[in-house]
Enquirer: 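Dropping a structure here in structure tokens format, bear with me for questions.
Positions are given from 1 along the sequence. Basis for what follows: all heavy atoms, side chains included, without hydrogens, waters or symmetry-related copies.
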Amino acid sequence: MRIVVVGAGLGGVAAAVGLHRTGHEVTLLERAAELREAGTGIVVMPNGLRALDALGLAEDVRGHDMQAVHGHDAQTVRWGLRDRLGRPLLVTDLARAQQVVGMPAMIDRAELHRALRAPLPADLVRTTTPVERLETDLTGVTVISDGEPIARADAVIAADGIGSKLRGRLFPGHPGLRRTGRMDLRGMLPRPPGMAPDLLVSQLVDRRSGAMFGLFPVGEGRLYWFTDSPLDGTPPDADEARRQMLSLMADWHPVVTELIEATPPADIYVDPITRLAEPLPSFAAGRVALLGDAAHAMPPDLGQGASQAFEDAAALTRHLMGAKPADVTQRFLRYDAERRPSANRILRAASRQSRLTSQTGATAWLRDMLLRAVPSRLAARQLAALWHA
């Protein structure tokens, strides 16, 4: 079939590669002038790695799993939730986590994008091509860009991201996105010499402010950190956001301010945290299917954004294998039946986790007490429930 994929983010590229490899005539449209991913690090959870395995794309990523990064130190490195001073709330060692949860991978976002798109022939990609709408008839879909038809397809995959224009066109009655009232800062930098491994795979939460600081290794020499804090109004620029976080977290574990101070504002990304106001009624509309953030934009608290997109890509590839143009609508309904319940469950779980980690006062005190009461032998299973590995 002729399949157009709109949006060359991580999920769109993975879907384009999978569909191309199964014999379809694929065109990947991207509004930017070049294929690239900006940003810092990204977590690929075990379910995301399994989806990349199904697409034949996991080889490069698995070299970045936390077991590979830490090697023999995995027996001593502990990961999980801590309070603002670094004291354990719900932690387990990496070796036990691998047995129960599997091992996530932590990789540079740009490096991951390069690895995923490497198998895709360059002549299948069209950049500087924003898609404004789709016109569907009984025999196919016409893709419109800048008011002109630019492609004809038997099926279209809408992977145009969190601000998806196509989602709004397909579901005009849907309320769209909603801000959570939180702000996300992200940075990456070389690992400071002599840094102890205690906090290398941790999320620190503060019951006074409801803020959070997360830290993960990227390869052997770099660290990816992020903050999640209350936001009132418009997000500040990176320099001001950095100053605000240094003030807010001045009495946290010293490594927190050390890493934020060591990251130049030019290497810090600031975004309001946004999610779908409510789940979509369907991930399919006739000959069009939605993928990734276009289908199920969620808060980042479970680290599942990319992994859910990879699950979408693997499912679409599987359901469209051997399909002919007359099969598209039925195959997309099967995709919707498989992916929507699961992805929307994760969307709701991520929203609950966002509320849990941003609690303050007596509610947060009770949360911390309950987390500390979890027996160590059960900690890995509790983290598995949190992170859906």
Side-chain angles (χ1 to χ4, degrees), residues 1-30 47-48 50-58 116-117 119-126 129 131 133-145 149-161 164 166-167 169-171 280-296 307-344:
M1 294 192 301
R2 296 168 300 170
I3 302 177
V4 167
V5 180
V6 180
L10 297 173
V13 167
V17 171
L19 294 165
H20 168 68
R21 283 177 164 174
T22 55
H24 295 297
E25 181 184 325
V26 176
T27 302
L28 178 61
L29 304 180
E30 168 56 38
N47 56 300
R50 290 191 292 270
L52 290 177
D53 274 330
L55 293 165
L57 290 170
L116 294 181
R117 71 178 189 255
L120 194 66
D123 60 353
L124 304 187
V125 181
R126 294 174 61 178
T129 309
V131 175
R133 73 180 191 275
L134 307 170
E135 295 180 354
T136 303
D137 55 41
L138 293 177
T139 62
V141 185
T142 301
V143 182
I144 307 298
S145 175
I150 59 164
R152 180 72 175 170
D154 300 306
V156 172
I157 312 299
D160 52 340
S164 172
L166 297 182
R167 179 181 61 226
R169 294 268 188 178
L170 293 168
F171 301 100
L280 287 176
S282 178
F283 288 0
R287 292 181 173 273
V288 184
L290 290 95
L291 174 152
D293 283 345
H296 42 67
S307 294
Q308 290 300 304
F310 296 148
E311 287 199 41
D312 294 345
L316 279 166
T317 298
R318 186 174 65 255
H319 284 294
L320 291 179
M321 189 176 297
K324 295 180 172 58
D327 304 327
V328 171
T329 299
Q330 187 62 37
R331 299 294 184 98
F332 278 171
L333 288 176
R334 294 178 190 173
Y335 161 72
D336 173 66
E338 175 186 342
R339 288 296 303 139
R340 182 161 50 93
S342 175
N344 283 345

Enquirer: Whether the side chain of S164 engages the backbone of D160 through a donor-acceptor N/O pair (distance < 3.5 Å, no angle test) should be reported.
Expert: no

Enquirer: Minimum heavy-atom separation for F332 to A155, with atom names?
Expert: CZ-CB, 3.8 Å

Enquirer: With a 4.5 Å cut-off on side-chain heavy atoms, are Y335 and D312 touching?
Expert: yes

Enquirer: Show your reasoning for whether side-chain contact (heavy atoms from CB on, under 4.5 Å) applies to L52 and L116.
Expert: CA-CA 9 Å; L52 290 177; L116 294 181; 3.9 Å; yes

Enquirer: Do L134 and V143 have side chains that get closer than 4.5 Å, going by heavy atoms?
Expert: yes

Enquirer: How about L19 and I157: do any of their side-chain heavy atoms sit closer than 4.5 Å?
Expert: yes

Enquirer: State, to 0.1 Å, how close V288 and A158 come at their nearest heavy-atom pair, and which atoms those are.
Expert: CG1-CB, 4.4 Å

Enquirer: Would you say that L29 contacts I150 through its side chain, given a criterion of any heavy-atom pair below 4.5 Å between the two side chains?
Expert: yes

Enquirer: Compare all side-chain heavy atoms of R167 with those of L290 and state whether any distance is below 4.5 angstrom.
Expert: yes

Enquirer: Heavy atoms only: give me the nearest S307-N47 pair and the separation to one decimal.
Expert: CB-ND2, 3.8 Å

Enquirer: For a quick test of reading the model, state the closest non-hydrogen atom pair linking G12 to V5 and the distance between them.
Expert: O-CG1, 3.6 Å

Enquirer: Please determine if D137 and R152 form a salt bridge, counting it only when a charged side-chain N lies under 4.0 Å from a carboxylate O.
Expert: yes

Enquirer: For a side-chain contact (heavy atoms from CB on, under 4.5 Å) check, start with the C-alpha distance between L28 and L120, then their side-chain angles and the critical distance, and finish with the verdict.
Expert: CA-CA 10 Å; L28 178 61; L120 194 66; 3.7 Å; yes

Enquirer: Kindly compute the distance separating CG (D293) from CD (Q308), expressed to the nearest 0.5 Å.
Expert: 10.5 Å

Enquirer: Can you give me the closest heavy-atom contact between A295 and L280, atom names plus distance?
Expert: O-CD1, 3.4 Å

Enquirer: Starting at CG of L57, measure out to CG of L10 and round the result to the nearest 0.5 Å.
Expert: 11.0 Å

Enquirer: Looking only at atom types and distance, does a side-chain atom of R133 sit under 3.5 Å from a main-chain N or O of I144, one as donor and one as acceptor?
Expert: no

Enquirer: Using modelled atom types and a 3.5 Å cut-off, is there a donor and acceptor pairing between side-chain atoms of R287 and backbone atoms of P325?
Expert: yes

Enquirer: Just verifying a value: how many Å separate D327 CG and L320 CG, rounded to the nearest 0.5 Å?
Expert: 9.5 Å

Enquirer: Could you tell me the separation between the NE2 atom of H24 and the CE atom of M321, rounded to the nearest 0.5 Å?
Expert: 8.0 Å

Enquirer: Within a 6.0 Å radius of atom CD on E135, are there more than 12 heavy atoms belonging to other residues, nucleotides or ligands?
Expert: yes

Enquirer: Classify the ring geometry between F283 and H296 as parallel (under 30°), tilted (30 to 60°) or perpendicular (over 60°).
Expert: tilted

Enquirer: Evaluate L55 against V17 for side-chain contact (heavy atoms from CB on, under 4.5 Å), listing each step before the verdict.
Expert: CA-CA 8 Å; L55 293 165; V17 171; over 6 Å; no

Enquirer: Given side chains that start at C-beta, do those of L124 and T27 come closer than 4.5 Å, heavy atoms only?
Expert: no

Enquirer: First locate atom NZ of K324, then atom CE of M1, and finally report the distance between them rounded to the nearest 0.5 Å.
Expert: 10.0 Å

Enquirer: Could you give the distance from CD (E338) to CD (E311), rounded to the nearest 0.5 Å?
Expert: 8.5 Å

Enquirer: Taking all non-hydrogen atoms of both residues into account, name the closest pair between A8 and E30 and its distance.
Expert: N-OE1, 2.9 Å

